[in-house]
J.: 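I have a structure I would like to understand better, so I am pasting it below and will then ask my questions one at a time.
When a residue number appears, it is its place in the shown sequence, counting from 1. Keep in mind that the numbers below use all heavy atoms, side chains included, and drop hydrogens, waters and symmetry copies.
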Amino acid sequence: MTQRVNIIATEQATPTTAGAASSISKATCVRLYNQTGGDVVVNVSATVSAASTNQFTMAAGRTEFLEKLSTDVIFTSGGIKAAKVGFTN
């Protein structure tokens, strides 16, 4: 069965500092698109301005889906696109 992506909120640029980290509209699932020409580090934290709880490197030109708590915030080493999404059949 094929799953489809349900766009719930308008795409936005990710913050690039811990102090500006965003929950991306309190999303539990975030579609990330790295439109830059280089790799970026995606950081996930429990609160704004806190050290990253988890992080991963996202290659240039890739789309990834990140599952997180609605209260978790993200920031990236370079501005990429993020949107609150869900999945449907």
J.: Any donor-acceptor pair under 3.5 Å linking the side chain of Lys84 with the backbone of Ser25?
T.: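 Such a contact is found between Lys84 side chain and Ser25 backbone.
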J.: Mind checking who shares a hydrophobic cluster with Leu69, ILVMFWY linked at side-chain heavy-atom distances under 4.5 Å?
T.: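 Same cluster as Leu69: nobody, lone residue.
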J.: Residues in ring pair (Phe, Tyr, Trp, His ring centres under 6.0 Å) with Phe65, at least two apart?
T.: Phe87
J.: With sequence neighbours left out, what residues match Thr16 under side chain to side chain donor-acceptor pair (under 3.5 Å)?
T.: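 Side chain to side chain donor-acceptor pair (under 3.5 Å) list for Thr16, sorted by chain: empty.
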J.: Applying salt bridge (Lys or Arg N to Asp or Glu O under 4.0 Å), which residue pairs with at least one partner in residues 48-60 are found, sequence neighbours left out?
T.: none
J.: Test question: given the 4.5 Å side-chain rule for I, L, V, M, F, W and Y, name all other residues clustered with Met58, or answer none.
T.: Ile24, Val30, Leu32, Val40, Val42, Val44, Phe56, Leu66, Ile74, Ile80
J.: Tell me which pairs pass side-chain hydrogen bond (donor to acceptor under 3.5 Å, both in side chains) where either residue lies in residues 39-50, with sequence neighbours left out.
T.: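 Sorted result for residues 39-50: Asn43-Ser52, Asn43-Gln55.
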J.: Could you measure the distance from the NZ atom of Lys81 to the CD atom of Gln12? Nearest 0.5 Å is fine.
T.: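 So the gap between those two atoms works out to 10.0 Å.
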J.: Can you sort out the partners of Ser77 under side chain to side chain donor-acceptor pair (under 3.5 Å), two or more places apart, ordered by chain and number?
T.: none
J.: What side-chain hydrogen bond (donor to acceptor under 3.5 Å, both in side chains) pairs are there with at least one residue in residues 59-75, not counting sequence neighbours?
T.: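 Listed by first then second residue: Arg62-Glu64.
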J.: Applying side chain to side chain contact (heavy atoms under 4.5 Å, CB included), can you list everything that pairs with Ala20, at least two apart in sequence or on another chain?
T.: Pro15, Thr17
J.: Sequence neighbours left out, what pairs pass ring pair (Phe, Tyr, Trp, His ring centres under 6.0 Å) with at least one residue falling in residues 4-26?
T.: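 Qualifying pairs: none.
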J.: Check whether any side-chain heavy atom of Ile8 lies under 4.5 Å from a side-chain heavy atom of Val85, and answer yes or no.
T.: no
J.: Test: ring pair (Phe, Tyr, Trp, His ring centres under 6.0 Å). Region: residues 11-47. Which pairs qualify, not counting sequence neighbours?
T.: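 The answer is none; no pair qualifies.
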J.: Tell me which pairs pass salt bridge (Lys or Arg N to Asp or Glu O under 4.0 Å) where either residue lies in residues 7-27, with sequence neighbours left out.
T.: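 Every pair satisfying salt bridge (Lys or Arg N to Asp or Glu O under 4.0 Å) with a residue in residues 7-27: Glu11-Arg31.
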